[in-house]
Amino acid sequence: LFLAEEAIMDTERIMAWGLEKMKFTDETPLETGYRYYHGLRTARIAISLADGLNLAIDRDVLFAGGFLHDVGKAGYRGPDHGARGEAMIRSEIPSLFADTELDAVCSIVRNHYHRPNSRHYCGKEKPSFPAPVLLVQDADTLDHFGGNALWLAFRWAVTQGRTPSDALEFHREQDATWRREALEGLNFSLSRRELEARIARIDAFFALWEEEQEGKLTILCSGS
Ligand SMILES: [Fe+2]
Ligand SMILES: [Fe+2]
């Protein structure tokens, strides 16, 4: 009896490859290895969204696609980092996946910023993607808000030589369009609720910080 040997995903070696590609790359002014940490968080958020939505998906594919979505961007600032990432995966580690897994992961990497609900497709035919692509798109957006947004904002403030009041002013004047487009581009209402909560927490933090800078007792501030 001859059984065709079906390859299955070698997650351990995929993680090791991604670590080597992303963890030690200088991403000034972001932290060294930013794509690695952002990839890990995005993969975990995507899994949490899938669980929250009760979606039956291949978790290994979703995790690998989320983790590697920006691999083509590590140390690279040119266009089409999704297509570049796909080419790297297909040429360097194709044997770590079954054929269908490789296609599914590459589809996530290639399409992670082609958001059907974005302004880009307004009035045009929207692309249709399987759930894992849509989940990673939302997870990628979510990771740019919340605690990590604060961490990156402070790192950026330091590289720009900003004082706390400069940082507060920068926050007050930041582009509201960016937030609106991030919200509009999401695919799932669960992601929208999470993003709204993250944005509200960032604003609450800056509002309290401003009160503190003025010497106010924050426990007495109205609305806080
Ligand atoms: Fe990206
Ligand atoms: Fe990303």
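Every number for a ligand or one of its atoms is a count from 1 in the order of the listing. Only a predicted model underlies this, so the values are computations on that prediction, with no experimental measurement involved.
Between the side chain of R13 and the backbone N or O of L96, no donor-acceptor pair lies under 3.5 Å. Of the possible polar contacts, none joining the D140 side chain to the V136 backbone as a donor-acceptor pair under 3.5 Å is found.
With waters left out, the protein N, O or S atoms under 2.8 Å from the Fe ion (ligand 2) add up to 4.
Ring-centre distance between H69 and H81: not below the 6.0 Å cut-off.
With sequence neighbours left out, R193 forms a salt bridge (charged side-chain N to carboxylate O under 4.0 Å, His left out) with no residue at all.
Between R172 and F206, every side-chain heavy-atom pair lies at or beyond the 4.5 Å cut-off.
Donor-acceptor pairing under 3.5 Å is recorded for the side chains of T163 and D166.
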